[in-house]
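Structure, as structure tokens:
In this text the structure is predicted, and so the values were computed from the model without any measurement. Note that the numbering runs from 1 along the sequence shown for the chain.
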Amino acid sequence: MKLYEAKRIIKETFESSFEKEKYIYFIKNLLKNLEESHFQRAGYNIFRGFEDFVASYERFFKFTDPEGNEIDIMVVKLKKEFSIFHARSKQRNFIKRYLINKERDAALVAFYSENSNDWRFSLIKMQYSLKKGKDELTPAKRSSFLVGEKGKSHTAQQQLISLLKNDSPP
């Protein structure tokens with residue numbers, strides 16, 4: 001992909017309010033070799049303890065990186081607008097619960113709310129440590145961008161442009 005195309009895709013995706021179609025187009029260009037695997041959960045299917053926070057969540061794709069790590073591509077619709085800014089730990093913990101439940105290594109997630117022009121794009125991955133001779137789960141690690149209509153995509157461009165330009169999966 002050419003540089004100007006990669007910049008255009010990032011700007012169209014990250015400098016506007018959340019649009020599922022733009023997000024999916026970006027992901028398809030970023031990861032290339034995706035396995036379609038769609039499901040959606042809402043209502044009583046939301047994990048206990050997150051019912052007041054998450055309206056619904058969807059998985060669109062599965063991606064396996066060259067090391068064999070399984071990454072789910074997701075969208076999470078939050079119930080409250082302020083949750084995008086002030087509930088990052090709750091977002092991480094929701095996805096951590098999902099990853100444990102699905103036995104996945106990581107997830108690329110768009111968190112959005114219908115009442116907000118801003119949204120969060122996050123990579124959340126499980127981390128394990130060896131302590132006293134046994135595997136122990138540590139808090140999930142999150143790398144995240146707060147994006148949307150008011151923001152610029154400069155940092156996203158710095159971090160993601162080389163991945164989009166490359167014709168092989170990252």
* Worked check of side-chain contact (heavy atoms from CB on, under 4.5 Å) between D105 and L99 -> CA-CA 7 Å; D105 300 300; L99 293 172; over 6 Å; no
* Worked verdict on D72 versus Y98 for side chain to side chain donor-acceptor pair (under 3.5 Å) -> CA-CA 10 Å; D72 282 357; Y98 169 86; 2.4 Å; yes
* For E12 and K22, run salt bridge (Lys or Arg N to Asp or Glu O under 4.0 Å): C-alpha distance rounded to whole Å, both residues' side-chain angles, the deciding distance at 0.1 Å, then the answer. => CA-CA 7 Å; E12 287 179 0; K22 287 181 182 179; 5.8 Å; no
* Verify side-chain contact (heavy atoms from CB on, under 4.5 Å) between V76 and V54, making sure each step is shown before the conclusion. => CA-CA 7 Å; V76 176; V54 173; 3.9 Å; yes
* Can you check side-chain contact (heavy atoms from CB on, under 4.5 Å) on N69 and F63, steps first, answer last? -> CA-CA 8 Å; N69 296 306; F63 175 76; over 6 Å; no
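In the hydrophobic clustering of ILVMFWY residues, with side-chain heavy atoms under 4.5 Å counting as a link, F39 and F94 come out together.
Cation-pi geometry between K79 and F53 is not met: the NZ or CZ atom fails to fall both under 6.0 Å from the ring centre and inside 45° of the normal.
Expressed to the nearest 0.5 Å, how far CG of N45 lies from CD of Q40 amounts to 10.0 Å. One finds the CD1 atom of I124 at 12.5 Å from the CD1 atom of I71 (value rounded to the nearest 0.5 Å). With rounding to the nearest 0.5 angstrom, the OG atom of S144 is 11.5 Å from the CZ atom of R92. From I161, atom CD1 reaches atom CD1 of I10 across 4.0 Å, with rounding to the nearest 0.5 Å. Put simply, CD on E149 and OG on S17 are 4.5 Å apart, with the number rounded to the nearest 0.5 Å. Going from atom CG of N29 over to atom CG of L160 covers 12.0 Å, rounded to the nearest 0.5 Å.
Within 6.0 Å of CD in Q158 there are more than 12 heavy atoms belonging to other residues, nucleotides or ligands. Within a 6.0 Å radius of CD in E114, other residues, nucleotides and ligands contribute 12 heavy atoms or fewer. Around atom NZ of K28, no more than 12 heavy atoms belonging to other residues, nucleotides or ligands sit under 6.0 Å away. Within 6.0 Å of NZ in K102 there are more than 12 heavy atoms belonging to other residues, nucleotides or ligands. Summarising the local packing, NZ of K7 is surrounded by 12 or fewer heavy atoms from other residues, nucleotides or ligands at distances under 6.0 Å.
Side-chain contact between K80 and N115 is absent, with no heavy atoms from C-beta onward closer than 4.5 Å. Residues R97 and F50 have side chains in contact (heavy-atom distance under 4.5 Å, counting atoms from C-beta outward). Between M1 and I9, the closest side-chain pair of non-hydrogen atoms falls below 4.5 Å. Considering only heavy atoms from C-beta on, E21 stays 4.5 Å or farther from Y23 through its side chain. Taking the side chain as every heavy atom from C-beta outward, Y44 and E51 never approach each other to under 4.5 Å. At least one side-chain heavy atom of L31 sits under 4.5 Å from a side-chain heavy atom of L108. At a threshold of 4.5 Å between non-hydrogen side-chain atoms, the residues K77 and S113 do not count as touching. Annotation: side chain of R88 is in contact with side chain of R120 (closest heavy-atom distance under 4.5 Å).
Checked against F26 for a ring-ring contact (aromatic ring centres under 6.0 Å, His included), the options F14, F18, F60 give a single hit: F14.
Here the shortest heavy-atom pairing between D118 and G148 reads OD1-CA, 3.8 Å. Contact between R41 and I46 at its shortest, heavy atoms only, is O-CD1, 3.9 Å. Closest approach of I95 to A107, counting heavy atoms only: CG2-CB, 3.9 Å. Here the shortest heavy-atom pairing between I100 and M126 reads CG1-CE, 3.7 Å. Between S37 and R59, the closest heavy-atom pair is OG-NH2, 2.5 Å. In terms of heavy-atom proximity, T64 sits nearest to E70 at OG1-CG, 4.1 Å.
Aromatic ring centroids of W119 and Y112 lie 6.0 Å or more apart. Taking the six-membered ring for Trp and the full ring otherwise, F121 and F111 have centroids separated by 6.0 Å or more.
Evaluation of the side chain to side chain donor-acceptor pair (under 3.5 Å) rule for D52 yields no partner, not counting sequence neighbours. Residues passing the side chain to side chain donor-acceptor pair (under 3.5 Å) test with K165, sequence neighbours excluded: none.
Salt bridge annotation for K62-E36: absent, with no cationic side-chain nitrogen under 4.0 angstrom from a carboxylate oxygen.
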